[in-house]
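From a predicted model like this one, the values you see are computed outputs, not experimental measurements.
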Amino acid sequence: MRHGKKVNHLGRTASHRKAMLANMASSLILHKRISTTLAKAKALRTYVEPIITKSKNDTTHSRRTVFAYLQDKEVVTILFREIAEKVANRPGGYTRIIKLNNRAGDNAEMALIELVDYNEVYGKDVEAKEEKKTTRRGRSKTAAPKAEEAKAETAEKAGTEAPAGEEAPATEEPKGE
């Protein structure tokens, strides 16, 4: 039974586990998403989320505390400058774990862990859904002006009528004398 055992040791000594999680956290902060095993991703989430929360308060003490975990000056700078700004309003849940297919060599469960605010794919879906709204009649709200423009263009090509605000090009007819 695993009563009260909160830490997944990941088959490593404490010093190896600490160094591995620090390196993975640095890679996550630098690259915004990394692929790893599911167990390591879950362990990394519990390791990196308190560090990101600490970065919201930009003081010398919090920088030194985060540096004690990560041991990389450039990563700490990126964390406090870029990531802290994006997650300032978020109350937690800075990472997302997405399960992938099992690894080919040893069939290990793989996962993608990423920073939530840096995923462009999910942001684009939201914008596309907002543009897709239609009226009850089934006709798009923006389709009416576009349809009028299309009619004006076809009429202009036919030479019958010019769109509003533009004059039709003057055509000279040959004189038959």
Problem set entry | Pi-cation contact, Y118 with K86 (under 6.0 Å, within 45°) |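 That pair qualifies as a cation-pi contact.
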Look only at the side chain of [X] and the backbone of [Y], and say whether a donor-acceptor pair between them is shorter than 3.5 Å.
X: R17; Y: R12; value: yes
X: K56; Y: R90; value: yes
X: Y47; Y: Y69; value: yes
X: R2; Y: K5; value: yes

Mind listing the closest non-hydrogen atom pair of [X] and [Y] along with its distance?
X: I113; Y: A41; answer: CD1-O, 3.5 Å
X: E49; Y: G92; answer: OE1-C, 4.5 Å
X: L79; Y: S55; answer: CG-CB, 3.6 Å
X: S26; Y: L70; answer: OG-O, 3.9 Å
X: K54; Y: F80; answer: O-CE2, 4.2 Å
X: T46; Y: A43; answer: OG1-O, 2.8 Å

For [X], look at atom [atom1] and say whether over 12 heavy atoms of other residues, nucleotides or ligands are found less than 6.0 Å away.
X: E109; atom1: CD; value: no
X: N89; atom1: CG; value: no
X: R81; atom1: CZ; value: no
X: N107; atom1: CG; value: yes

Exercise. Run the side chain to side chain contact (heavy atoms under 4.5 Å, CB included) check on V116 and Y94 step by step: do they pass?
Worked result: CA-CA 6 Å; V116 172; Y94 312 112; 5.8 Å; no
Under 4.5 Å between any side-chain heavy atoms of [X] and [Y], yes or no?
X: T37; Y: R103; result: yes
X: L10; Y: M20; result: yes
X: V48; Y: I52; result: yes
X: M24; Y: K40; result: yes
X: I97; Y: R45; result: yes
X: L115; Y: R33; result: no

Exercise. Same hydrophobic cluster for L28 and L100, using side-chain heavy-atom links shorter than 4.5 Å among ILVMFWY?
Worked result: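 No, separate clusters.
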Exercise. Honestly curious: do L112 and I34 fall in one hydrophobic cluster under the side-chain, below-4.5 Å linking rule?
Worked result: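 Different clusters: L112 never reaches I34 through Ile, Leu, Val, Met, Phe, Trp or Tyr contacts under 4.5 Å.
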For this session: State, without any angle test, whether T65 and S62 hold a side-chain donor-acceptor pair at a distance under 3.5 Å.
Result: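 Checked: T65/S62 side chains show no N/O donor-acceptor pair below 3.5 Å.
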For this session: Carefully, step by step, assess M110 and N102 under the rule side chain to side chain contact (heavy atoms under 4.5 Å, CB included).
Result: CA-CA 5 Å; M110 298 299 288; N102 290 0; 6.0 Å; no
Problem set entry | Gap separating the CG atom of L44 from the OG1 atom of T95, nearest 0.5 angstrom |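 That separation rounds to 7.5 Å.
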For this session: Please step through side chain to side chain contact (heavy atoms under 4.5 Å, CB included) for the pair H31 and E114, ending with a clear verdict.
Result: CA-CA 9 Å; H31 303 292; E114 64 185 4; over 6 Å; no
For this session: Kindly determine whether K99 and L38 satisfy side chain to side chain contact (heavy atoms under 4.5 Å, CB included), including the steps that lead there.
Result: CA-CA 7 Å; K99 291 183 182 180; L38 184 61; 3.8 Å; yes
